[in-house]
Visitor: 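The structure follows.
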Amino acid sequence: MILILLGPPGAGKGTQAKLLASKLQIPHISTGDMFRDHKARGTELGKTVDAIMSSGGLVPDDVTNAMVKDRLSRPDVAGGFILDGYPRTTAQAGFLDQVLVSMGRKLDRAVSYEIAQELLVDRMSGRRSCPTCGAVYHVTANPPRTAGACDREGAALVQRDDDKAETVARRLREYDSKTEPLKRYYHERGSLSEVAGTGAPDEVLAAALRVLGRAS
Ligand code: AMP
């Protein structure tokens with residue numbers, strides 16, 4: 001199954017992508033995680049995107065598209081994959097269409113997580129993640145067993161630079177102007193399904209599995 005997850009920053013796409021990937025046994029491809037990995041490793045790409053990401057802007061389409069194309073050339077995508085945070089612009093969506101055609105593959109569904117705008121700032125500002133395993137928590141909605149420490153690794157949880165209040169507003173503006181229009185793009189192609197992004201992670205997962213025809 002080939003899936004795209006859409007929704008504003010803070011809608012829970014990352015958490016849902018991990019749950020879906022584990023349920024469907026297909027890779028989770030997050031462009032945000034890939035860029036963060038490049039930054040952490042200090043690669044040329046990491047250096048290029050560092051300032052853009054910290055300001056809450058979008059990395060240029062050509063840079064992002066090249067990274068995704070390369071990722072989709074790996075053999076582990078043969079059984080399907082989940083794209084989280086890509087595409088984010090209409091130009092990226094068009095590029096992805098071409099890549100899928102060249103692979104002889106077809107998108108199954110674009111799942112859009114719907115959530116009221118006023119909840120997003122709290123979701124992002126309360127988000128904490130484990131620097132070791134990438135597990136994501138929320139200080140009140142999904143806290144770790146011990147405050148500030150990862151349940152699995154025990155590592156001290158960190159806040160992403162771009163989840164800090166100053167950057168959140170810019171990310172939401174970028175979403176509204178550049179990414180929200182993708183819902184129409186996929187709706188017009190008959191591929192869009194909307195799922196309520198509020199509620200506990202397992203409830204949201206169950207709703208997504210229902211629209212994908214994979215409810216157990
Ligand atoms: P995310 O973890 O998906 O919220 O992404 C974090 C940041 O990485 C974004 O705010 C952008 O700066 C960058 N980024 C991730 N995916 C894309 C994309 N598809 N196009 C452009 N920039 C992206």
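All residue numbers in this chain count up from 1 along the given sequence. In listed order, ligands and their atoms are each counted from 1. No experiment lies behind these values; they were computed from the predicted model shown.
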Visitor: Within a strict 4.5 Å, meaning less than it, do heavy atoms of the Pro144 and Cys150 side chains meet?
Guide: no

Visitor: How far is atom 22 (N) of ligand 1 from its nearest protein heavy atom, and which residue and atom name does that atom have?
Guide: Val59 N, 3.1 Å

Visitor: Would one find more than 12 heavy atoms of other residues, nucleotides or ligands at under 6.0 Å from atom CZ of Arg189?
Guide: yes

Visitor: List every atom of ligand 1 that sits less than 4.0 Å from any heavy atom of Arg160, numbering the atoms from 1 in the order shown and giving each element.
Guide: 1 (P), 2 (O), 4 (O), 6 (C)

Visitor: As a check for students: among Arg171, Lys178, Arg88, Lys39, identify the option with a heavy atom nearest to atom 9 (C) of ligand 1.
Guide: Arg88

Visitor: Applying a heavy-atom cut-off of 4.0 Å, say which part of Gln92 lies close to ligand 1: side chain, backbone, both or neither.
Guide: side chain

Visitor: In terms of side-chain geometry, is the basic nitrogen of Arg123 or Glu118 positioned less than 4.0 Å from the acidic oxygen of its partner?
Guide: no

Visitor: Which is closest to atom 7 (C) of ligand 1 in terms of heavy atoms, Arg170, Met53, Glu174, Met67?
Guide: Met53

Visitor: Is it the side chain, the backbone, both or neither of Thr64 that has a heavy atom closer than 4.0 Å to ligand 1?
Guide: side chain

Visitor: Count the heavy atoms belonging to other residues, nucleotides or ligands that lie under 6.0 Å from CZ of Arg152, then report whether that count exceeds 12.
Guide: no

Visitor: Would you kindly specify which portion of Met124 sits under 4.0 Å from ligand 1, judged on non-hydrogen atoms: side chain, backbone, both or neither?
Guide: neither

Visitor: Does any part of the side chain of Asp76, heavy atoms only, come nearer than 4.5 Å to the side chain of Arg71, both counted from C-beta?
Guide: yes

Visitor: Are Ser112 and Glu114 linked by a side-chain donor-acceptor pair shorter than 3.5 Å?
Guide: yes

Visitor: By number and element, which atoms of ligand 1 are closer than 4.0 Å to a non-hydrogen atom of Asp162?
Guide: 6 (C)

Visitor: Ion pair present between Asp176 and Arg173, side-chain N to carboxylate O less than 4.0 angstrom?
Guide: no

Visitor: For Arg36, take its heavy atoms, then give the atoms of ligand 1 lying under 4.0 Å from any of them.
Guide: 2 (O), 6 (C)

Visitor: For Gly57, counting its heavy atoms only, list the atoms of ligand 1 lying under 4.0 Å from any of them.
Guide: 10 (O), 11 (C), 12 (O)

